[in-house]
Amino acid sequence: MHPHAVKMWNDRGELIGVHRGLCKGELTCCVMDNRQLKLFIGNSDGKIFTINIKNGAKMNKFQKHKHMVTDLLYWRS
């Protein structure tokens, strides 16, 4: 992850995708869901959102936090 882009590599280390311009704040952390279809991203503005890994489309937004998001954990129920 880069402060303003998410880069995706395959298991051979080849770059397979780059998603830029996802938000105004810097990207600070991310975690993938168990099916490896969604990426949950936190940023320096306290926002958390979900994108589709294949095309970078935003899927969900969550309640904004007062401070920067520094860590995310995906909990499968």
Side-chain angles (χ1 to χ4, degrees):
M1 193 162 76
H2 181 272
H4 298 286
V6 174
K7 297 179 181 181
M8 313 287 258
W9 288 269
N10 65 16
D11 58 350
R12 294 182 301 251
E14 300 165 335
L15 184 63
I16 57 172
V18 178
H19 305 301
R20 292 184 175 90
L22 297 172
C23 62
K24 292 181 182 179
E26 289 187 6
L27 306 177
T28 55
C29 57
C30 65
V31 65
M32 198 177 305
D33 74 330
N34 63 315
R35 296 184 307 158
Q36 300 182 351
L37 299 174
K38 295 185 238 177
L39 189 65
F40 294 84
I41 300 173
N43 74 8
S44 61
D45 294 337
K47 295 179 181 176
I48 300 172
F49 56 94
T50 309
I51 65 166
N52 179 309
I53 288 178
K54 292 187 181 201
N55 61 19
K58 285 190 182 177
M59 299 173 72
N60 292 335
K61 289 190 237 177
F62 299 91
Q63 183 177 357
K64 184 178 177 183
H65 296 265
K66 293 180 183 179
H67 302 287
M68 170 189 313
V69 179
T70 59
D71 196 15
L72 291 170
L73 175 69
Y74 178 80
W75 186 270
R76 189 173 107 178
S77 54

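Under the 4.5 Å side-chain heavy-atom criterion for Ile, Leu, Val, Met, Phe, Trp and Tyr, Val6 and Ile48 are members of distinct hydrophobic clusters. Side-chain heavy atoms closer than 4.5 Å link hydrophobic residues (I, L, V, M, F, W, Y) into clusters, and following such links, even through other members, never connects Leu72 to Leu22.
Members clustered with Met59: none, using a 4.5 Å side-chain heavy-atom cutoff among hydrophobic residues.
The ring pair (Phe, Tyr, Trp, His ring centres under 6.0 Å) pairs that include a residue from residues 49-70 number zero, where partners must be two or more places apart or lie in different chains. Pairs passing the ring pair (Phe, Tyr, Trp, His ring centres under 6.0 Å) check and including a residue from residues 15-37, sequence neighbours excluded, do not occur. Residues in residues 32-44 take part in these side chain to side chain donor-acceptor pair (under 3.5 Å) pairs, two or more places apart or across chains: Asn34-Tyr74.
Residues satisfying the side chain to side chain contact (heavy atoms under 4.5 Å, CB included) criterion with Asp71, sequence neighbours excluded, are absent altogether. Residues that satisfy the side chain to side chain contact (heavy atoms under 4.5 Å, CB included) test with Asp11, not counting sequence neighbours, are absent from this structure. By the side chain to side chain contact (heavy atoms under 4.5 Å, CB included) test, Glu14 pairs with Asn10, Arg12, sequence neighbours left out. Qualifying side chain to side chain contact (heavy atoms under 4.5 Å, CB included) partners for Val18, counting only residues two or more places apart in sequence or in other chains: Ala5, Lys7, Leu15, Arg20.
Counting non-hydrogen atoms of neighbouring residues, nucleotides and ligands closer than 6.0 angstrom, the NZ atom of Lys58 exceeds 12 such neighbours.
A donor-acceptor contact shorter than 3.5 Å links the side chain of Thr28 to the backbone of Val69. Judged by distance alone, with hydrogens and angles left aside, the side-chain atoms of Asp45 form no donor-acceptor pair with the main-chain N or O of Lys47 at under 3.5 Å.
From Thr50, atom OG1 reaches atom CD1 of Ile41 across 8.5 Å, with rounding to the nearest 0.5 Å. Distance CG/Leu39 to CD1/Ile51: 5.0 Å, rounded to 0.5 Å.
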